[in-house]
Amino acid sequence: MNNLDHLYREIIMEHYKNPRNKGLVTNDDYKSNRIKNPSCGDDITIQVLVEDGMVKDVKQEASGCSISVASASVLSEIMIGRSVEEAKKIVDTYINMVTNKEFDESVDLEEAAVFSGVKKFPARIKCASIAWVAFKDSLE
Amino acid sequence: MNNLDHLYREIIMEHYKNPRNKGLVTNDDYKSNRIKNPSCGDDITIQVLVEDGMVKDVKQEASGCSISVASASVLSEIMIGRSVEEAKKIVDTYINMVTNKEFDESVDLEEAAVFSGVKKFPARIKCASIAWVAFKDSLE
Amino acid sequence: MKENPWIKDFPQLNNHLHYFDSAATSLKPVSVIEQVNYYNQELSSNIHRGMYYESQKATELYEEARESVANFINAQSNEIVFTRGTTASLNLVARSFGVNHLNQGDEILTSELEHHSSLIPWQYVANKTGAKIKYIPLSDQGRIALDAFKATISKATKVVAINHVSNVMGYLTPLKEIIAIAHEYGAVVVVDGAQAIQHIPVDVKSLDADFYAFSGHKMLGPTGIGILYGKDDLLSEMEPIEFGGDMALDVMKTQFSWKESPIKFEAGTMPIASVIGLKAAIEYLKNVGLDNIHQYTKDLYDYLIKKLNELDGIELYNHHSDTFIFTFNLKNVPSHDAISYFSEKHIALRAGQHCAKLIHDFLNINASLRGTIYFYNTYKDVDVLVDTMKEAIDYFKKLGF
Amino acid sequence: MKENPWIKDFPQLNNHLHYFDSAATSLKPVSVIEQVNYYNQELSSNIHRGMYYESQKATELYEEARESVANFINAQSNEIVFTRGTTASLNLVARSFGVNHLNQGDEILTSELEHHSSLIPWQYVANKTGAKIKYIPLSDQGRIALDAFKATISKATKVVAINHVSNVMGYLTPLKEIIAIAHEYGAVVVVDGAQAIQHIPVDVKSLDADFYAFSGHKMLGPTGIGILYGKDDLLSEMEPIEFGGDMALDVMKTQFSWKESPIKFEAGTMPIASVIGLKAAIEYLKNVGLDNIHQYTKDLYDYLIKKLNELDGIELYNHHSDTFIFTFNLKNVPSHDAISYFSEKHIALRAGQHCAKLIHDFLNINASLRGTIYFYNTYKDVDVLVDTMKEAIDYFKKLGF
Ligand SMILES: Cc1ncc(COP(=O)(O)O)c(C=O)c1O
Ligand SMILES: Cc1ncc(COP(=O)(O)O)c(C=O)c1O
């Protein structure tokens with residue numbers, strides 16, 4: 001398997017083609033966060049509904065490359081139903097992983113683990129993390 | 001004789017210590033021209049009285065290095081009594097000489113010829129020419 | 001297909017790289033690298049104010065570079081201002097000339113083909129002065145056409161801010177005609193020549209350009225050095241925008257005066273090594289000859305386009321580039337996905353908007369891949385590029401894009 | 001007197017030059033020269049937007065340089081803006097912060113010790129905004145003393161523009177105390193560190209400086225690169241002064257937005273080679289150690305001063321320089337006459353006002369000769385210098401000066 005095959009895993013392609021929790025809501029209870037990276041064409045919005053310390057719902061709308069679109073979708077799926085605490089831990093672990101820093105291997109990243117292939121592509125790290133950064137900001 | 005001796009000729013020192021035609025007049029018939037080069041401390045004013053196409057009088061006030069002070073003095077002495085035509089020719093010849101360009105060797109520069117030593121000191125060319133440039137501007 | 005005689009002069013090409021990113025920055029020939037070294041190793045002294053040999057020599061080379069640039073574009077050397085780059089040059093015009101000459105109701109005419117550096121300084125000026133930005137409608141192909149320009153210019157137009165060559169499409173603007181018309185209306189024309197100077201002979205006098213900006217690093221020179229040409233009378237009446245260092249004439253406690261143009265615009269210690277390297281770059285370009293560069297790159301470009309036309313699965317946005325920039329996407333593949341494939345194969349292209357968002361809006365796309373043919377590219381490079389395109393098309397298709 | 005172990009790292013010293021002009025620009029060690037070469041020969045690509053190895057690597061080195069600078073002065077890397085030089089850095093503060101924060105009646109406190117680059121940008125701001133320039137009275141020696149500062153600052157003071165070390169006298173300003181007092185009055189302190197950074201450890205956090213500017217070329221680095229440190233909150237709220245290239249976030253037809261600091265201040269292609277070289281310069285300085293540099297240069301300076309004190313015929317203007325700048329004249333000899341003598345003997349000094357006219361007015365002289373001791377100078381250099389002074393004194397006396 002070459003580097004590119006490490007990047008374009010089946011799960012990623014599957015999410016790219018069938019993004020989950022797609023479509024934004026106009027509900028003020030959701031915290032909404034949009035990050036644009038116009039020079040790459042990335043434009044990602046994440047909406048989060050937190051109730052009683054739990055991530056009740058995540059909605060997303062992402063355009064851009066496959067990695068950024070898929071990572072928004074995977075994020076949304078993983079996060080729904082987590083405690084805010086847990087969610088933050090997963091975000092930090094994920095971001096450490098894709099940015100090639102040390103990360104807590106005991107944290108289960110579930111499907112998000114497939115984004116580890118991005119490490120070999122420093123220029124794509126942003127694609128893989130943009131949705132996660134937007135999500136994290138919503139939790140603060 | 002080393003390069004410096006070529007620069008600091010006796011005539012130059014003599015003019016430096018006893019500048020001719022020094023002291024400005026407050027006569028509107030004189031065309032006055034001041035050039036400062038504050039970063040070297042040069043400050044030169046040349047006043048020219050032209051009547052009937054003749055340089056009737058030159059007054060000068062110069063502070064700065066020996067080369068700039070002496071060249072203002074030599075200039076004043078040489079120019080008084082010349083026709084404007086002649087004066088311009090001498091200025092051009094002089095400036096060509098000190099800037100290491102081709103110059104008309106048939107023109108008699110009189111005492112000003114001693115400034116040829118400045119050629120070896122590119123950074124001092126300005127010192128040797130500043131009064132002459134001021135004078136030339138007054139003739140235009 | 002003869003051997004490319006210039007490759008040996010470019011040490012970076014030893015790296016097995018297929019370099020198609022010359023529109024972003026060009027490679028540097030050995031003579032430029034050596035000239036930078038000569039300054040750093042032998043001279044390494046400041047200019048204009050030292051009297052010892054090294055400082056004198058550096059000053060001489062610095063001013064010779066100015067003459068060399070002037071000569072290259074048929075200007076006088078006092079019309080050449082050194083800056084940090086095209087962006088700095090264009091901002092200097094906007095901040096000094098633009099802000100002080102434009103007023104409410106005035107118009108700035110520009111195009112959607114501009115690089116952001118030729119556009120947003122003028123948005124700033126518009127914002128500051130109340131002037132309005134207006135766009136010359138582009139042709140279907142995305143070109144600036146003379147007719148459209150004539151239809152848009154008006155008595156209100158005070159500035160035309162326009163590229164000589166587009167950094168996305170490689171189109172040549174009909175500059176000479178545009179400038180003549182602009183001058184009839186009394187407008188000043190500020191040309192972004194960053195993509196022209198390395199490809200075509202530029203004669204600012206014959207163009208009658210008021211300002212003309214370009215960068216050393218795109219014309220085989222070092223980074224950190226840019227050029228602003230401005231007509232003597234315009235530069236002379238303009239205020240400097242940076243103060244300090246050698247540009248000051250006399251300094252008193254509450255006021256100061258400045259020297260003449262161009263020195264008044266060169267505040268503080270300038271990028272001396274880069275200026276000296278720039279001169280070597282111009283000499284190199286002259287030695288190769290812009291006409292030879294044009295002929296060689298045109299042939300190679302034609303070869304590429306012929307191959308691309310046989311290819312399914314790519315979308316080419318400019319079929320007739322005048323300076324051999326080619327901008328495209330793999331069908332259905334976001335450009336940032338595609339670029340990773342090329343990068344893995346040591347092919348240097350660029351993905352994104354290339355600091356030219358509006359032309360992407362015009363093309364109705366988010367981003368694109370851009371390559372450029374330059375004279376150190378080879379037929380082999382093109383073969384590898386096209387083969388890789390084919391592979392990439394297959395690869396992404398199989399993945400399900 | 002042991003061997004100087006550093007000389008071998010400076011190729012320019014092979015030229016039989018006695019280089020005392022480090023305050024104008026420093027020599028460059030081989031490691032810096034090689035790092036510039038590495039970029040020019042191996043990478044030669046633009047940063048931030050390329051995906052191929054060379055562009056990635058250049059981007060990485062560029063951002064590592066930012067971290068390296070941050071680390072060197074104890075800042076965060078997002079507080080480090082790259083510019084063309086100290087002059088550009090100080091003008092950025094004046095144009096962006098100054099023009100937008102000062103008003104009629106406000107005061108800018110500065111000193112006659114300033115380099116023009118730390119002074120006239122503020123004269124421009126004063127002129128633009130109606131604020132007033134006020135001077136901290138200097139001590140008899142020409143120093144900025146705390147008492148005088150306290151007596152001059154007032155509630156009206158909005159900006160203190162001040163050098164960390166004077167480029168004429170080599171005096172160290174009591175910066176930490178000045179900044180603390182300025183902050184009590186709510187003033188922002190803009191420090192010109194161009195002559196400090198290569199001599200003494202600078203800790204912007206401990207100083208609590210608001211802005212701190214310096215140049216690569218005076219600290220063993222390449223020409224064309226400067227640094228502006230600014231506190232995060234100040235930089236964040238400041239507007240960029242140059243537009244275009246990578247600093248833009250989103251660009252629409254009539255408006256645009258920009259990225260976060262520091263990128264928003266770095267418009268267009270930056271001097272990439274110089275930034276990468278700067279990192280090597282900082283590493284070299286750290287390896288030698290600023291404390292070692294200080295000790296060595298202090299000893300050598302003391303040796304020089306002892307010799308000068310025995311010399312008749314020279315006038316020394318600063319007997320106690322903190323960074324070993326010595327400024328003098330031969331008695332009765334205009335400095336431009338004297339400098340020609342030294343230049344002929346391959347001794348690099350500087351004659352003139354060193355872009356600091358006001359301190360010359362203060363000293364009541366037209367111009368001066370300036371030298372600096374740096375760590376690549378030797379006892380031999382000093383001996384040659386002093387012997388040449390003696391010869392020169394005789395020479396000019398005989399001529400009749
Ligand atoms: C104290 C001081 N400030 C500012 C400057 C200006 O630095 P630069 O010429 O690198 O912009 C210098 C050097 O000339 C200096 O010595
Ligand atoms: C057409 C055009 N204008 C302006 C620029 C900006 O040049 P620089 O980045 O050297 O300032 C570029 C290059 O990026 C360009 O291609």
Side-chain angles (χ1 to χ4, degrees), chain C residues 11-12 15 17 21 24-25 27-28 33 36-37 40-42 44-46 49-52 54 84-88 90-91 116-117 120-121 123-124 133 135 215 217 222-224 242-245 248 251 253-256 267-269 271-274 339-340 343 348 350-352 355 357-358, chain D residues 11-12 15 17 21 24-25 27-28 33 36-37 40-42 44-46 49-52 54 84-88 90-91 116-117 120-121 123-124 133 135 215 217 222-224 242-245 248 251 253-256 267-269 271-274 339-340 343 348 350-352 355 357-358:
Chain C
Q12 199 210 17
N15 295 356
L17 179 71
D21 202 17
T25 199
L27 304 181
K28 289 142 198 57
I33 295 168
V36 170
N37 266 340
N40 283 339
Q41 292 192 1
E42 306 279 323
S44 187
S45 47
N46 217 323
R49 280 156 296 160
M51 299 248 171
Y52 46 100
E54 287 75 7
R84 204 183 62 228
T86 304
T87 302
L90 295 171
N91 276 277
H116 295 162
S117 296
I120 61 182
Q123 290 189 356
Y124 165 83
I133 302 266
Y135 288 86
S215 294
H217 72 95
T223 56
E242 286 187 321
F243 308 97
V251 176
K253 277 194 157 185
T254 55
Q255 65 190 91
F256 68 103
T269 303
I272 306 172
S274 297
I339 193 70
S340 292
S343 300
R350 191 147 290 241
C355 296
K357 167 112 178 315
L358 298 187
Chain D
Q12 199 211 18
N15 296 356
L17 179 70
D21 203 16
T25 199
L27 304 181
K28 289 143 198 57
I33 295 168
V36 169
N37 266 340
N40 282 340
Q41 293 192 2
E42 306 280 321
S44 187
S45 47
N46 217 323
R49 280 156 296 163
M51 298 248 171
Y52 46 100
E54 286 75 8
R84 203 184 62 226
T86 304
T87 302
L90 294 171
N91 276 278
H116 294 161
S117 297
I120 60 181
Q123 290 190 356
Y124 164 83
I133 302 266
Y135 288 87
S215 293
H217 71 96
T223 56
E242 287 187 318
F243 308 98
V251 176
K253 278 194 159 185
T254 55
Q255 64 190 93
F256 68 103
T269 303
I272 305 172
S274 297
I339 193 71
S340 291
S343 299
R350 190 147 291 237
C355 296
K357 166 109 177 318
L358 298 188

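Order of the sequence lines fixes the chain letters, A, B, ..., with proteins taken first and strands second; residue numbering starts at 1 for each chain.
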Report the option among [options] that has the most heavy-atom pairs separated by less than 4.5 Å from atoms of chain D.
options: C:Ile133, C:Leu90, C:Val251, C:Ile272; value: C:Val251
options: C:Asn40, C:Ile120, C:Thr87, C:Thr254; value: C:Ile120
options: C:Ala348, C:Gly268, C:Ala273, C:Gly85; value: C:Ala348
options: C:Gly224, C:Pro11, C:Ser44, C:Ser343; value: C:Ser44
options: C:Gln123, C:Lys357, C:His116; value: C:Gln123

Segment of [X] engaging chain D (4.5 angstrom heavy-atom cut-off):
X: C:Asn91; result: side chain
X: C:Asn37; result: side chain
X: C:Ala351; result: backbone
X: C:Pro121; result: both
X: C:Leu358; result: side chain

Quick check: closest heavy atoms across [X] and [Y], and the distance to 0.1 Å?
X: D:Pro222; Y: D:Ser274; answer: CG-O, 3.5 Å
X: D:Lys253; Y: C:Tyr135; answer: O-OH, 2.5 Å
X: D:Ser117; Y: C:Gly245; answer: OG-N, 3.2 Å
X: C:Gln12; Y: D:Glu54; answer: NE2-CG, 3.5 Å

Most chain C-contacting option - heavy-atom pairs closer than 4.5 Å, from [options]:
options: D:Ser215, D:Gly352, D:Cys355; value: D:Cys355
options: D:Ile339, D:Thr86, D:Val36; value: D:Ile339
options: D:Lys28, D:Glu242, D:Glu42, D:Gln255; value: D:Glu242

Legend entry - D:Arg84 side chain reached by D:Pro271 side chain, heavy atoms, under 4.5 Å: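 Sidechains of D:Arg84 and D:Pro271: no contact.
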Inset, instruction - For D:Ser45, check side-chain hydrogen bond (donor to acceptor under 3.5 Å, both in side chains) against everything at least two apart and list the hits. - result: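 None.
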Legend entry - Ring centers of D:Phe256, C:Tyr124 separated by less than 6.0 Å: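 That pair fails the under 6.0 Å test.
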Inset, instruction - Let me know if D:Leu17 has heavy atoms under 4.5 Å from chain C in its side chain, its backbone, both or neither. - result: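 Side chain only.
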Legend entry - From CA spacing to verdict: side-chain hydrogen bond (donor to acceptor under 3.5 Å, both in side chains), C:Asn46, D:Asp21: CA-CA 9 Å; C:Asn46 217 323; D:Asp21 203 16; over 6 Å; no
Legend entry - Flag for D:Thr25-D:His217: side-chain donor and acceptor within less than 3.5 Å: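 D:His217 vs D:Thr25: donor-acceptor pair found between side chains.
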